[in-house]
Amino acid sequence: MTIKRSSWSIPYLIFLLIFVVLPLVLIAIYAFQDGEGGFTFANIARFFTDSDSLSTFALSLEVAIENTAICLLLGYPAAYILASKDLNRSAVTVILFILPMWINALMRTLATAELFNVFGVTLGKGTLLFGMAYDYLPFMIYPIYNTLNKMDKSFSEAAEDLGATPAQVFRKVTLPLSMPGVTSGIMMVFMPTVSTFAISEFLTNNKIKLFGTIIQENINSSMWNYGAALALIMLVIIGITTLFNDEDEAGKAEGGLI
Amino acid sequence: MTQNDVIIRLENVSKAFGDKQVLDNISLDIKKGEFVTLLGPSGCGKTTTLRLISGFTTPDSGTVYMDGKDISGIPPYKRPLNTVFQRYALFPHLDVYDNIAFGLKLAKVPEKEIEQRVRKVLKMVSMTDYEDRDVESLSGGQQQRVAIARALVNQPKVLLLDEPLSALDHKMRQDMQIELKEMHQKLGITFIYVTHDQEEALTLSDTIVVMNEGKIQQIGTPADIYNEPVNSFVADFIGESNILNGTMIEDRKVNFIGHDFECVDEGFGTNNPVDVVIRPEDIYIMNNTTSAQFTGKVTSCIFKGVHYEMLVDTDSGYELMIQDYNAFEPGSEVGMIIKPMDIQVMRKERLCNTVEGVMTDESHVEFLDGEFECGAKAGLEAGDEVTVQFGFDAVELWDHQEEGQIAGEVYSILYKGDHYHLTILTESRGFLYVDTQDIWDKGDLVGITVKPSEIKICRRNDN
């Protein structure tokens, strides 16, 4: 008996239906239901009229932007050094930078919290950003490192040949050509930080509540409908930023990599 | 030639990457306005030489001069020369105009002048109206033109070209060759061109520098290099040729393929072994066998467009390649004549293998990281430093590397009419030279043994 090739994808389709499509549909259904199961916009309206939720959301965005900026500022130079044949000759250093990703993020966060506790550091926004940057830095370094590593060395040589000093080579050639890596690094850091809750819980003792935290709290206290509405709103907003980024990246890729 | 004519001078320059000597003490003068081609097989050091001039590589020893000044320590961006890169290296994030204007903008040339100069250079490379095009939407030939324009717009004193045509197809390459030659004549600046394509070098250059194994083999005009190669490497690399072992009987008389020939060469001594080069178009072939210098039988005849290319087995058992406008059918008996002018006699680079070694006991010697039996040698004991010599035919090659005392790979092959002369690169990065009847391919991995009875050993002088 021969199995058609297209039927190989059936298990994956089933998986997608059960674990991706169905939950999304359920979120949407719950978000537009009141406690008795009737259709309502109240949950969505409640978010936009509740100043607490709105300010939490604003704070989440702020923290996410700050974290992304920190990761970018730390990650780009690190990626540049790792990709440079003159500054780094060993693949081991690259692995060392990626190594933290092998350990569960929750465990790392707990350990960090414990360290702050031991050294008597007051938990707050500083510790939150520290923990986030620590968790997400590899996600920024790796895509940038990859783009820089694959970049043809002759581009920077050509620039130098045309009279560019090393600083000008970086500004006018290396940096613009590494933008695809930077964009995907930003995406990989920004999107998960908006919805994170564990890090803020452990590293600020819930002093700072992020958007992810209030979704979790609502779900935990059986306020499924409102929680679902919040989740839906977050999804939509992240979805919109992704769209922006995609267009951006497509635009760059056009003039981008060979 | 006066000192002022020289724009680039390399003096005793050496460069090694790891344990590989890429350039071995080369010296070279390049004159103003000259079209110089560095020609050689891959790995011969030609690109490294170019990078020394452009500044992307610094010499381990020796000096690079430009206009009489030492520029060895000056970074590339301060050197008044520009490069056309092998794969063009056009900036993908900039359009054609911005690519070409890149150098001028860095030099803070006024916007108006930039525009004029970019347009002018675009016109020169026949790319007018392409300013706003994305460089990736251009064909290979167009990208090449933009790369040349980007370099020339800066009005460099010297233009360096690193195999610029290698990525183009044959027809396009020929067109670009003509254009490059015209550009060179029009601009009057120095072109230094790197290629492994001998035809390209012969077409373009005023001067050709033939390189091999990190050394300059010969410098000369295309005609010099073609007609009077100084050694068998140059003869084999440039054009088609018959390279044969010969003996210089006396001045103006040389013996090869079993016959004596008159020639025009002098000063090789008497009865000295030499290499003889005959270009395939210089052997006259005819049906008449009585008035010929020697006779033979045609074994193959291929039409090559302009001429026929024939292989002929001579009466004395050598195979010669002959090119002629007339076809001679395989199997036919033919007579041949070679004129004295067309015989190029060259000193042999070496007559046998010479390596340095150490005795391990009185009948074994170690060289090139292998231990070889050499028969009992009186008066020598373990630890003695010796010079080892053996003939080209004393070396035996085996299919499997384990079968030899040492292993190596076939580095180059030269057909000598009745046998092959191989250069073997051993694993310890030494060279051995082998005469063999067997057919090997370049890059074949081989085991190497040496016939013990043919090894000659003498104690090395302490100095």
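Note: hydrogens, waters and symmetry copies are ignored here, and every other heavy atom, side chains too, is used. In what follows, every chain begins at residue 1, and chains take the letters A, B, ... in the order their sequences are listed.
Atom OH of B:Tyr97 has more than 12 neighbouring heavy atoms from other residues, nucleotides or ligands inside a 6.0 Å radius. Residue-environment remark: NZ (B:Lys157) stays at or below the threshold of 12 foreign heavy atoms within 6.0 Å. Applying the 6.0 Å contact sphere to OH of A:Tyr142 captures no more than 12 heavy atoms from other residues, nucleotides or ligands.
Under 4.0 Å is where a charged nitrogen must lie from a carboxylate oxygen, and between B:Arg79 and A:Glu160 no such pair does.
For a residue to count as touching a neighbouring chain, one of its non-hydrogen atoms must lie under 4.5 Å from one of that chain's; by this rule B:Leu81 touches chain A with the backbone only. In this structure, chain B has heavy atoms under 4.5 Å from both the backbone and the side chain of A:Asp161. Only the side chain of B:Asn154 comes within less than 4.5 Å of a heavy atom in chain A; its backbone stays farther off.
Contact tally against chain A (heavy-atom pairs below 4.5 Å) for B:Val84, B:Leu104, B:Thr83: the top residue is B:Thr83. Options B:Ala89, B:Pro75, B:Gly103 differ in how many heavy-atom pairs under 4.5 Å they form with chain A, and the most are formed by B:Ala89.
Here the CZ atom belonging to B:Phe85 is positioned 9.5 Å from the CG atom belonging to A:Asp152, to the nearest 0.5 angstrom. One distance of note links OG of A:Ser156 with CZ of B:Phe56; it measures 8.0 Å at 0.5 Å rounding. In this structure, the separation between OH on B:Tyr77 and CD on A:Glu157 is 14.5 Å, given to the nearest 0.5 Å. Atom NE2 of B:His93 sits about 5.0 Å away from atom CG of A:Leu177, to the nearest 0.5 Å. Atoms NZ and CG, from A:Lys172 and B:Leu94 in turn, are 9.5 Å apart once rounded to the nearest 0.5 Å.
Heavy atoms only, all atoms of each residue included: B:Pro92 and A:Phe155 are closest at CD-CE2, 3.6 Å.
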